[in-house]
Amino acid sequence: MTAELAAAQRLLDDLTRSVCRLEQRVGSGLEVRRLRSDTEHLRESLSLLRAASPEDPDRPAPPTPEMVAIPDQPYDYALWADADDEGLGSRDRRAP
């Protein structure tokens, strides 16, 4: 897959150069600006594909998420002292 990505990068570089030459000849009208924007999107997409490629040796291994244990016992109610229930107001008062 690395060879295909490198070939796609070379072709995209050629396309970018061609678009630049075309822009010099016909000016920077709407069509040329759209074409240049499309080549920039292709460049970004190819970069994302290269970063996601499992065969890329320069790609760092994804970080392993840390496991967080959540206890089964109820939370200490002191944690919630002076906290309002969203939309209901304080615990010792009735909702409006």
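The closest donor-acceptor contact from the side chain of Ser37 to the backbone of Arg33 lies at 3.5 Å or more, if one exists at all. Under the 3.5 Å distance criterion, the side-chain polar atoms of Ser47 are left unmatched by any main-chain donor or acceptor of Arg43.
Inter-residue side-chain proximity for Leu35 and Leu22 is flagged as met; some heavy-atom pair is nearer than 4.5 Å.
A single hydrophobic cluster is not seen to contain both Leu11 and Leu48; linkage of ILVMFWY side chains at heavy-atom distances under 4.5 Å, directly or through other members, places them apart. Hydrophobic clustering (ILVMFWY, side-chain heavy atoms < 4.5 Å, transitive): Leu49 and Leu42 are in one cluster.
Closest non-hydrogen pair, Gln9 versus Leu46, comes out as OE1-CD2, 3.2 Å. Pairing each heavy atom of Leu12 with each of Thr39, the nearest pair is CD1-O, 4.0 Å.
To the nearest 0.5 Å, atoms CG (Leu79) and CG (Asp76) are separated by 5.0 Å. Taking CD of Glu4 as the start and OG1 of Thr2 as the end, the distance is 8.0 Å to the nearest 0.5 Å. Note that NE2 of His41 is 5.5 Å distant from CD of Glu44, once rounded to the nearest 0.5 Å.
A salt bridge does not link Arg10 to Asp13: none of the charged side-chain nitrogens sits closer than 4.0 Å to a carboxylate oxygen.
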